[in-house]
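Here the structure is a predicted model, which means the values were calculated and not measured. Atom set for the values below is all heavy atoms of this structure, side chains included, hydrogens, waters and symmetry mates excluded.
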Amino acid sequence: MLTSTDVRPRPSYRPYRVLVRSVVRLSPSFVRVTFTGADLADFGTEGLDQRVKVLLPLPGIGYGDFVDDPEVLATGAWYTRWRALPAQQQNPIRTYTIRAVRPHLSEVDVDFVTHGDTGPATAWVRRAQVGDQIVLVGPDAGSPDSRVGIEFNPGSATTLLLAGDETAVPAVSAILESLPEGTVAHAILEIPRAEDCLQLRLGSGITVDWLPRGAAPAGSRLDPAVRGWLAEHLSAGARAVAIEELSDIDVDSALLWETPSEAPTGSLYAWLAGEAAVIKSLRRFLVRDCELDRRQVAFMGYWREGKSELS
Ligand SMILES: Cc1cc2nc3c(=O)[nH]c(=O)nc-3n(C[C@H](O)[C@H](O)[C@H](O)COP(=O)(O)OP(=O)(O)OC[C@H]3O[C@@H](n4cnc5c(N)ncnc54)[C@H](O)[C@@H]3O)c2cc1C
């Protein structure tokens with residue numbers, strides 16, 4: 001007889017051992033890796049900006065047995081087990097976005113930005129080959145919390161602004177391609193080079209500005225473009241009734257991550273992700289200068305200039 005303790009809910013996130021099925025260079029800066037593996041049939045399919053963790057193999061070790069432990073798979077306790085490992089046995093962990101899921105084919109796509117060999121993820125993807133083994137930690141479709149890791153939450157907003165740099169392109173692309181026909185949305189995407197402008201399947205109310213930065217610093221095209229768009233499109237109805245004091249966030253020591261827990265009720269919803277200092281400056285502009293209600297804006301530092309993800 002089953003007792004209530006025997007029927008444990010499936011964890012929202014768990015490790016999936018996968019193989020590289022294909023590696024396609026989409027443009028000078030983007031590489032699409034398609035992963036496959038028998039149990040990806042259970043991988044969450046909610047899409048949007050849902051994140052996934054990539055556990056990178058350690059030279060000469062690959063992975064410890066913790067990723068296959070039935071208890072880890074049943075409870076999602078992979079992170080606790082990873083933290084308990086000696087530092088030299090901890091696989092590097094980096095965060096990426098699920099660009100597409102095809103459960104019937106047991107396939108998941110992740111679009112990686114390549115930025116030389118400066119970090120373990122970019123170094124791995126530059127050498128990735130069909131058949132390579134890797135571990136994704138991602139949502140389990142069978143869990144009641146399989147939407148965890150999705151930040152896009154526009155509520156009843158009638159106009160959407162999505163803005164970011166190349167690391168946000170996979171999330172913005174997935175969001176835009178999922179919007180119902182008739183949605184009014186504008187995306188502002190700063191990319192390294194003009195050839196990084198990607199083809200998207202967009203509804204009629206959606207527009208995208210691709211802004212190649214070339215040799216200019218990160219954010220130098222995104223920042224003025226977002227300010228300019230808001231100056232032109234922000235109506236009085238989009239402003240907050242009560243202006244909240246904005247606490248400072250030191251992006252050198254803390255993650256910039258502010259996403260509304262409740263759905264916004266204003267007419268505009270803004271979603272911004274990219275280099276943390278660039279997004280921090282835009283946060284100040286949107287909330288303090290434009291007086292947008294913080295429930296209408298999601299701000300996410302996806303990476304930090306000069307710092308690795310876990311430092
Ligand atoms: C929720 C979320 C979703 C994300 N989705 C994606 C995604 O789908 N695709 C994607 O490519 N990235 C995505 N990112 C960003 C990605 O996690 C970071 O870029 C990560 O730092 C890359 O790891 P790494 O091992 O290559 O470099 P790290 O070891 O983390 O960093 C090493 C050095 O590289 C620099 N660096 C890191 N990223 C970049 C970059 N993009 N360009 C230039 N320099 C960089 C750092 O400043 C540091 O100096 C996402 C991040 C988050 C939080």
[X] and [Y]: which non-hydrogen atoms are nearest, and at how many Å?
X	Y	value
Leu55	Ile93	CD1-CG1, 3.9 Å
Tyr302	Ala171	OH-CB, 4.0 Å
Leu222	Ile188	CD1-O, 3.6 Å
Ser106	Ala38	OG-O, 3.7 Å
Ala121	Arg94	CB-CG, 3.8 Å
Pro103	Thr45	CG-CG2, 3.5 Å

Can [X] and [Y] be counted as an ion pair, charged N to O under 4.0 angstrom?
X	Y	value
Glu151	Arg51	yes
Glu258	Arg283	yes
Glu190	Arg221	no
Arg14	Asp39	yes
Asp69	Arg81	yes

[X] [atom1] to [Y] [atom2] distance, which is reported to the nearest 0.5 Å:
X	Y	atom1	atom2	answer
Asp109	Asp111	CG	CG	7.0 Å
Gln90	Phe66	CD	CZ	8.5 Å
Arg284	Cys290	CZ	SG	13.0 Å
Ser178	Leu176	OG	CG	8.0 Å
Leu230	Leu161	CG	CG	6.0 Å
Leu268	Leu292	CG	CG	5.5 Å

Query raised in the report: Can Val31 and Leu26 be said to form a side-chain contact (heavy atoms from CB on, under 4.5 Å), step by step?
Result: CA-CA 6 Å; Val31 172; Leu26 302 177; over 6 Å; no

**Report entry** salt bridge (charged side-chain N to carboxylate O under 4.0 Å, His left out) between Lys280 and Glu275, intermediate numbers included
**Finding:** CA-CA 9 Å; Lys280 176 183 168 177; Glu275 201 287 318; over 6 Å; no

Query - Step-by-step side-chain contact (heavy atoms from CB on, under 4.5 Å) determination, Arg17 to Asp68 - result: CA-CA 8 Å; Arg17 264 195 188 272; Asp68 298 317; 2.8 Å; yes

So if you build clusters from Ile, Leu, Val, Met, Phe, Trp, Tyr with side-chain heavy-atom gaps below 4.5 Å, do [X] and [Y] land together?
X	Y	result
Tyr79	Leu85	yes
Val169	Val24	yes
Val18	Val130	no
Leu105	Phe43	no
Val184	Ile206	no

Is it true that a side-chain atom of [X] and a backbone atom of [Y] form a donor plus acceptor pair closer than 3.5 Å?
X	Y	result
Asn91	Leu56	yes
Trp78	Val67	no
Ser143	Arg10	yes
Thr122	Thr118	no
Tyr269	Asn153	yes
Gln133	Leu19	no
Asp289	Leu286	no
Asp196	Arg193	yes
Thr183	Leu179	no
Asp165	Gly219	no

For [X], look at atom [atom1] and say whether over 12 heavy atoms of other residues, nucleotides or ligands are found less than 6.0 Å away.
X	atom1	answer
Arg201	CZ	no
Arg25	CZ	yes
Glu195	CD	yes
Gln199	CD	no

Query raised in the report: Can you list the steps and then say if Glu309 with Thr95 is a side-chain hydrogen bond (donor to acceptor under 3.5 Å, both in side chains)?
Result: CA-CA 8 Å; Glu309 180 173 333; Thr95 310; 2.4 Å; yes

Report task. Carefully, step by step, assess Tyr16 and Val135 under the rule side-chain contact (heavy atoms from CB on, under 4.5 Å). Result -> CA-CA 6 Å; Tyr16 293 82; Val135 173; over 6 Å; no

Answer yes or no: is there a side-chain heavy-atom contact under 4.5 Å between [X] and [Y]?
X	Y	answer
Arg227	Glu232	no
Leu198	Ser27	yes
Thr259	Phe299	no
Asp140	Ser12	no
Ile134	Trp124	yes
His186	Asp209	yes
Leu211	Leu189	no
Thr34	Val108	no

Requested in this report: List the steps, then state whether side-chain contact (heavy atoms from CB on, under 4.5 Å) holds for Ser29 with Ile191.
Outcome: CA-CA 8 Å; Ser29 306; Ile191 45 176; over 6 Å; no

Report task. Tell me yes or no: between the side chains of Arg102 and Thr36, is some donor less than 3.5 Å from an acceptor? Result ->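 On atom types as modelled, these side chains do not qualify, holding no pair under 3.5 Å.
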
Query raised in the report: Between Thr97 and Gln50, do the side chains contain an N or O donor and an N or O acceptor separated by less than 3.5 Å?
Result: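 Per modelled atom types, Thr97 and Gln50 side chains form no pair under 3.5 Å.
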
Query raised in the report: Taking the six-membered ring for Trp, are Phe112 and Phe35 parallel (under 30°), tilted (30 to 60°) or perpendicular (over 60°)?
Result: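 Perpendicular: the ring planes of Phe112 and Phe35 meet at over 60°.
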
**Report entry** From CA spacing to verdict: side-chain hydrogen bond (donor to acceptor under 3.5 Å, both in side chains), Asp49, Trp271
**Finding:** CA-CA 10 Å; Asp49 57 346; Trp271 180 108; 2.9 Å; yes

